[in-house]
Peer 1: 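My structure is below; once you've seen it, I'll send some questions.
Naming: A, B, ... by sequence-line order, numbering from 1 per chain.
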Number of protein chains: 2
Amino acid sequence: MPRNNRDIDQKEKKQAIIESAGSVFAEKDFDSASMAAIAKGAGVTPNTIYWYFENKDDLLIAVLNQQMSKVMPEVMAMRTASPTQRILHMIDAVESPGALMNTVHARISRSDALRTWHDNFHRMIEQILVFEATQHGIEPAKAVSYSRLLVYVIEGLISHPHETESREETIDQMLALVGIQ
Amino acid sequence: MPRNNRDIDQKEKKQAIIESAGSVFAEKDFDSASMAAIAKGAGVTPNTIYWYFENKDDLLIAVLNQQMSKVMPEVMAMRTASPTQRILHMIDAVESPGALMNTVHARISRSDALRTWHDNFHRMIEQILVFEATQHGIEPAKAVSYSRLLVYVIEGLISHPHETESREETIDQMLALVGIQ
DNA sequence: ACCTGAACACCGTTCAAGT
DNA sequence: ACCTGAACACCGTTCAAGT
């Protein structure tokens, strides 16, 4: 066993760190997930993580970005599914790896990078919802304000992973209220 | 100066700790607020806090309860104000002392006591909203499901303290959608 | 350029000992 | 019963030193 893994491709190692972080965040939560445990899972020393990432928040952002870039194409591809089903899929994917969304909100005041990520996330979801709403014949002005309300409901569902039962019903009700589907 | 403040009434000292915690949580945030800083603000040693509270989460719950028992009567007393104004007042009061609501959500998986507090909070808000809705002639079944949606929107506004501008507009839109006011 | 060992400052919490 | 000093185990992060 080599003293360090220079033979392993750098992209692979960075990827290994992100994946390890993702799974440790998922089974514990952000605060309980120590850099030591994440490093161990990736087969590196804790300090090595700091070669690839500025700090723990930066690593969190990398994990979130990875998740989103996996999920969004999936959601887009669900052409035949109902809006409710598409939203449900997104919530499931975002929420199952620990309650990271709550961590994002809780740490926004501490990390500018995290706030930027969060604002972009909101913008992205809202744009999709506005598109969806206008497709359903809702006038643009209303589509924008309804989308904002919808984002809050979606975030609410993500933030409360223990209330899974009536999740679909909740989305249906909200969509019916704003006139989508 | 006495070695310890036995002369000071216990209730007063406990109260001093809660108040110190409240203000330290407000200017920093839950994680950045050290027990040392809280203790200092209350004029005690860090360990003394553990005589009065089980742990940091327990102290957080005490702060939240204190806030709520101050705010709720105020909201109830606003008889002449519109529902929007009443909701706005509650959000302002809950959110201004740091983004503690986000901390609650982020730490639910770690603390059973915090989850219990959170569930009670939801129930309380939902009951008030259901009452409000039925007052406006909305049938009970719909009142319940609308209230759940409304709670998510309210929590969304609490969770995003930096989006203050359009807050009133957002509440108005949501209330209009469900037929209140 | 990439990685490590060892250290730093700090944290929440515990506990034996004091009054 | 109430409070403290001193310690414990752990944390994210830094940095000089190695390859």
Side-chain angles (χ1 to χ4, degrees), chain A residues 1-18 20-21 24-25 27-63 100 103-104 106-107 109-114, chain B residues 1-18 20-21 24-25 27-63 100 103-104 106-107 109-114:
Chain A
M1 192 151 70
R3 261 174 69 79
N4 57 22
N5 300 330
R6 266 165 220 272
D7 41 337
I8 296 180
D9 186 63
Q10 308 313 322
K11 299 230 163 163
E12 273 180 44
K13 191 170 288 176
K14 184 167 186 176
Q15 186 55 30
I17 293 171
I18 294 177
S20 174
V24 179
F25 286 157
E27 63 181 293
K28 307 203 170 246
D29 62 287
F30 184 76
D31 284 317
S32 310
S34 71
M35 295 299 261
I38 294 167
K40 199 174 181 182
V44 298
T45 325
N47 350 7
T48 300
I49 298 179
Y50 288 87
W51 179 260
Y52 294 96
F53 302 95
E54 263 194 41
N55 49 39
K56 205 179 175 185
D57 286 304
D58 195 32
L59 180 53
L60 171 60
I61 291 174
V63 170
L100 288 186
T103 300
V104 170
R107 294 185 68 81
S109 64
R110 291 229 249 172
S111 163
D112 283 341
L114 215 44
Chain B
M1 192 152 67
R3 261 175 69 79
N4 57 23
N5 301 328
R6 269 167 219 272
D7 42 335
I8 297 179
D9 186 62
Q10 309 313 321
K11 300 229 164 165
E12 272 180 45
K13 191 171 288 177
K14 185 168 186 176
Q15 186 54 33
I17 293 171
I18 294 177
S20 174
V24 179
F25 286 157
E27 62 180 292
K28 307 205 172 243
D29 61 288
F30 185 76
D31 284 319
S32 310
S34 70
M35 296 298 260
I38 294 168
K40 199 174 182 183
V44 297
T45 326
N47 348 6
T48 300
I49 299 179
Y50 289 87
W51 179 262
Y52 294 94
F53 302 94
E54 263 194 42
N55 49 39
K56 205 179 175 185
D57 286 303
D58 195 31
L59 180 53
L60 171 61
I61 290 173
V63 170
L100 288 187
T103 300
V104 171
R107 294 185 68 81
S109 63
R110 289 229 251 173
S111 163
D112 283 342
L114 215 44

Peer 1: Looking only at the side chain of B:Met35 (C-beta and beyond, no hydrogens), which of the listed nucleotides C:dC11, C:dC3, C:dT13 gets closest?
Peer 2: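 Of the candidates, C:dT13 comes closest.
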Peer 1: For a quick test of reading the model: is some side-chain N or O of A:Thr45 closer than 4.0 Å to OP1 or OP2 of C:dC3?
Peer 2: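 No, no such contact exists.
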Peer 1: Given D:dT13, C:dC2, D:dT4, identify the nucleotide with an atom nearest to the side chain of A:Trp51.
Peer 2: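 That would be C:dC2.
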Peer 1: Ignoring backbone atoms, establish whether A:Thr48 has a side-chain N or O less than 4.0 Å from OP1 or OP2 of C:dC3.
Peer 2: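 A:Thr48 to C:dC3 OP1/OP2: no side-chain N or O under 4.0 Å.
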Peer 1: Over how many whole Å does the gap from A:Tyr50 atom OH to C:dA6 atom C1' extend?
Peer 2: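 Result: 15 Å.
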Peer 1: B:Lys40 NZ to D:dT4 P: how many Å, rounded?
Peer 2: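 Value for this atom pair: 15 Å.
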Peer 1: Run the numbers on A:Leu100 and A:Leu60 for side chain to side chain contact (heavy atoms under 4.5 Å, CB included), then give the verdict.
Peer 2: CA-CA 9 Å; A:Leu100 288 186; A:Leu60 171 60; 4.0 Å; yes
Peer 1: I need the CG-P distance between A:Asn55 and D:dC11, as an integer number of Å.
Peer 2: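 After rounding, the gap between these two atoms is 17 Å.
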Peer 1: Any strand is fair game: report the nucleotide pairing with C:dC15 by Watson-Crick or G-U wobble, both distances under 3.5 Å, or none.
Peer 2: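 Looking at the geometry, C:dC15 pairs with D:dG5.
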Peer 1: Hey, does B:Ala33 reach any base, or is it just sugar-phosphate, or nothing, if we go heavy atoms under 4.0 Å?
Peer 2: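 B:Ala33: backbone/sugar contact only, no base atoms under 4.0 Å.
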Peer 1: Tell me the closest heavy-atom pair linking A:Ala62 and A:Ile18, and the distance in Å.
Peer 2: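 Reported closest heavy-atom pair: CB-CD1, 4.0 Å.
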Peer 1: With respect to the side chain of A:Val44, which nucleotide from C:dG12, C:dT4, D:dT13 is positioned closest?
Peer 2: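 Comparing C:dG12, C:dT4, D:dT13 against the side chain of A:Val44, the answer is C:dT4.
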Peer 1: Once you round it to whole Å, what is the distance between P of D:dC2 and CZ of B:Phe53?
Peer 2: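 These atoms are roughly 13 Å apart.
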Peer 1: Using whole Å, what does the distance between atom C1' of nucleotide C:dG12 and atom CZ of B:Phe25 come to?
Peer 2: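 Value for this atom pair: 12 Å.
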Peer 1: Give the rounded distance in Å between these two atoms: NZ of A:Lys11 and P of C:dA1.
Peer 2: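 Those two atoms, NZ and P, are 17 Å apart.
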Peer 1: So which heavy atom on A:Phe30 is nearest to which on A:Lys56, and how close?
Peer 2: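 Looks like O-NZ, 2.8 Å.
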Peer 1: Do the charged groups of B:Arg110 and B:Asp57 touch, with an N to O distance under 4.0 Å?
Peer 2: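 Here B:Arg110 does not pair with B:Asp57 in a salt bridge, since their nearest N and O are not under 4.0 Å apart.
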Peer 1: Just compare D:dT4, C:dC3, C:dG12 and give me whichever is closest to any side-chain atom of A:Lys13.
Peer 2: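 Of the candidates, C:dC3 comes closest.
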Peer 1: How many Å lie between NZ on B:Lys56 and P on C:dT14, as a whole number?
Peer 2: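 Nearest whole value for this atom pair: 14 Å.
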Peer 1: When all nucleic acid strands are considered with a 4.0 Å heavy-atom cut-off, which category describes A:Tyr52: base, sugar-phosphate, or nothing?
Peer 2: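 Sugar-phosphate contact only - A:Tyr52 comes under 4.0 Å of backbone atoms but never of a base.
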Peer 1: Looking only at heavy atoms, what is the nearest atom pair of A:Ala42 and A:Ser20, with distance?
Peer 2: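 Closest pair (atom of A:Ala42, atom of A:Ser20, distance): N-OG, 3.6 Å.
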Peer 1: Just how far, in rounded Å, is C1' of C:dG12 from CG of B:Leu60?
Peer 2: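 These atoms are roughly 15 Å apart.
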